[in-house]
Amino acid sequence: MSRKAQIRQFWLKIHRWMGLAGLLFMAAFGLTGALLVWPTTFDAMAHPARYPSVSNRDFVPDTAFLTKAAAALPMGDRISGLRVMQGQGAILVAGEARGRPPLGLGPASRVQLWLHPQTGELLDRQERAGGFIWALHALHGHMLLKQGGRIVVALLGAGLLALSAIGLWLWWPGLRSVRQGLRWRKQFSRSMNLHRQAGAIVALILLVEAFTGAWLALPTLFAQIVSPGSMSGRTEASEGPPTTRPAASTMLNADQAVRRARTLTTPDARLTSIFFPDDAKGLWAIGLAAPSARPVTIMIDDRTGSASLRPAPRPDRAERAAGLMMTIHAGRFGLAGQIIVFLSGLVLTLLAVTGLLLWLQGHTLRRRRMRRT
């Protein structure tokens, strides 16, 4: 065997055993990453009742709506906030925080209700945190691990980076023979042809996805590299209503708070969220989004009724870099980007399956040879 063939055989073994070691993880990354490109679409498939075909464009929660929402919560529970899906769909109403989420991942656990935006009819109910989209995020971003989950994801990302680079090098036929290298070869099995061709097509995309995924898994580390001293990534971004208990009664009702908030925005701004005040601060947080402006949060003092715009913090260099990584990783640069990331996720899962089949075929062939000898 020539020196060149020995080197190739060495890297082929590295590629094979790295692939086998990370097989399940790569399949999970690929499938969950593909589904998270369009989370609302796939959540609607899993929970169609939450997405009625009715407009919620002009929704404002009146007393009758909130009374129905409160009646659907467990006895003694209070409404802590609500979200309005963009365009159409149910209104998501959240009860107060009721402990830690499953595995300690994500926002605090609370009862969630999906109500019809026009009638207030209860369409769906979830007793605690979790669910389909939560599972996708928990698996893709943490591998279901609270402690060290992000480190594991970053290491797997580095592994995928190396696996893709080695695979591309093993396949590379030379610049003038790329088209020939992508041809279906009769002497190869179907699994081998699929593995070679699919891997070659998406290798560069997987390199980018692996790098950006590792960056997003360890935001604090990369923030210090980009901008030493940056506080970016040191705490998890909070999602959903505050964890403090909502006030038992308020001076303003939700409708009044929304109307006061609208005085600081354009008339065409639509309601996106309401977080109810607690006893300590007594502030409503009203989320509004206008077609021609960035979404804003307006704070309403429940005691005085005064409204103030909560300025969005100006991102530093590390946060801008992390935002760019997220844009690339999730394909948030138009429909073409989303399709590319979605298909690359499916192909990664396909590579895991065909890689396993190739190993099984080789293992079976070796056992047959041993029996003959």
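All residue numbers in this chain count up from 1 along the given sequence.
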Answer whether the closest heavy-atom distance between the side chains of [X] and [Y] falls below 4.5 Å.
X    : Y    : value
H140 : F29  : yes
R196 : W184 : no
V208 : L204 : no
I91  : R83  : no
H116 : V54  : yes
F188 : L358 : no
F65  : V60  : no
R179 : R183 : no

Is it the case that the side chain of [X] and the backbone of [Y] share a donor-acceptor pair, with hydrogens and angles ignored and the cut-off at 3.5 Å?
X    : Y    : value
K146 : G104 : yes
R303 : M251 : no
D278 : K281 : yes
W114 : A49  : no
S109 : G99  : no
R150 : L145 : no
R78  : E96  : no
S2   : A5   : yes
R8   : L170 : yes
N56  : G89  : yes

Check: residues 321-338 side-chain donor-acceptor pairs under 3.5 Å, at least two apart:
from, atom 1, to, atom 2, distance (Å)
T327, OG1, G323, O, 2.9
H329, ND1, E209, O, 3.2
H329, ND1, T212, OG1, 2.9
H329, ND1, G213, N, 3.4
Q338, OE1, W38, NE1, 3.2

Candidate pair F275 and T297, rule side-chain contact (heavy atoms from CB on, under 4.5 Å), full reasoning: CA-CA 10 Å; F275 293 160; T297 300; over 6 Å; no
Could you pull out the closest heavy-atom pair between [X] and [Y], with the gap in Å?
X    : Y    : result
L288 : T272 : N-OG1, 3.6 Å
M18  : A162 : CE-CB, 3.9 Å
R262 : L271 : NH2-N, 4.0 Å
V178 : L175 : CG2-O, 3.5 Å
D301 : L283 : CA-CD2, 3.7 Å
A97  : A108 : CB-CB, 3.9 Å

So, taking the atom named [atom1] in [X] and the one named [atom2] in [Y], what distance separates them when rounded to the nearest 0.5 Å?
X    : Y    : atom1 : atom2 : result
I286 : R310 : CD1   : CZ    : 11.0 Å
K186 : N193 : NZ    : CG    : 11.5 Å
L24  : L356 : CG    : CG    : 8.5 Å
L207 : L168 : CG    : CG    : 7.0 Å
T250 : D279 : OG1   : CG    : 10.5 Å
T354 : Q361 : OG1   : CD    : 9.5 Å

Taking the ring of W11 and the ring of H15, is the distance between their centroids below 6.0 Å? no
Tell me if the centroids of the rings in W284 and F276 come within less than 6.0 Å of each other.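 Centroid distance W284-F276: below 6.0 Å, so yes.
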Check the pair R98 / V111 against side-chain contact (heavy atoms from CB on, under 4.5 Å), numbers first and verdict last. CA-CA 8 Å; R98 294 287 186 179; V111 175; 5.5 Å; no
From CA spacing to verdict: side-chain contact (heavy atoms from CB on, under 4.5 Å), L351, L206: CA-CA 11 Å; L351 292 174; L206 291 180; 4.0 Å; yes
Hey, quick one: are [X] and [Y] part of the same hydrophobic cluster, counting side-chain heavy atoms closer than 4.5 Å, chains of contacts allowed?
X    : Y    : answer
L144 : L155 : yes
I274 : L264 : yes
I340 : L348 : no
L346 : L136 : yes

Exceeds 12 heavy-atom contacts within 6.0 angstrom, atom [atom1] of [X]:
X    : atom1 : result
R128 : CZ    : no
F342 : CZ    : yes
L31  : CG    : yes
R366 : CZ    : yes
Q6   : CD    : yes
E127 : CD    : yes

Between R50 and Q112, a side-chain donor and acceptor under 3.5 Å: no
Please walk me through it: do L66 and N253 pass side-chain contact (heavy atoms from CB on, under 4.5 Å)? CA-CA 10 Å; L66 294 177; N253 59 37; 6.0 Å; no
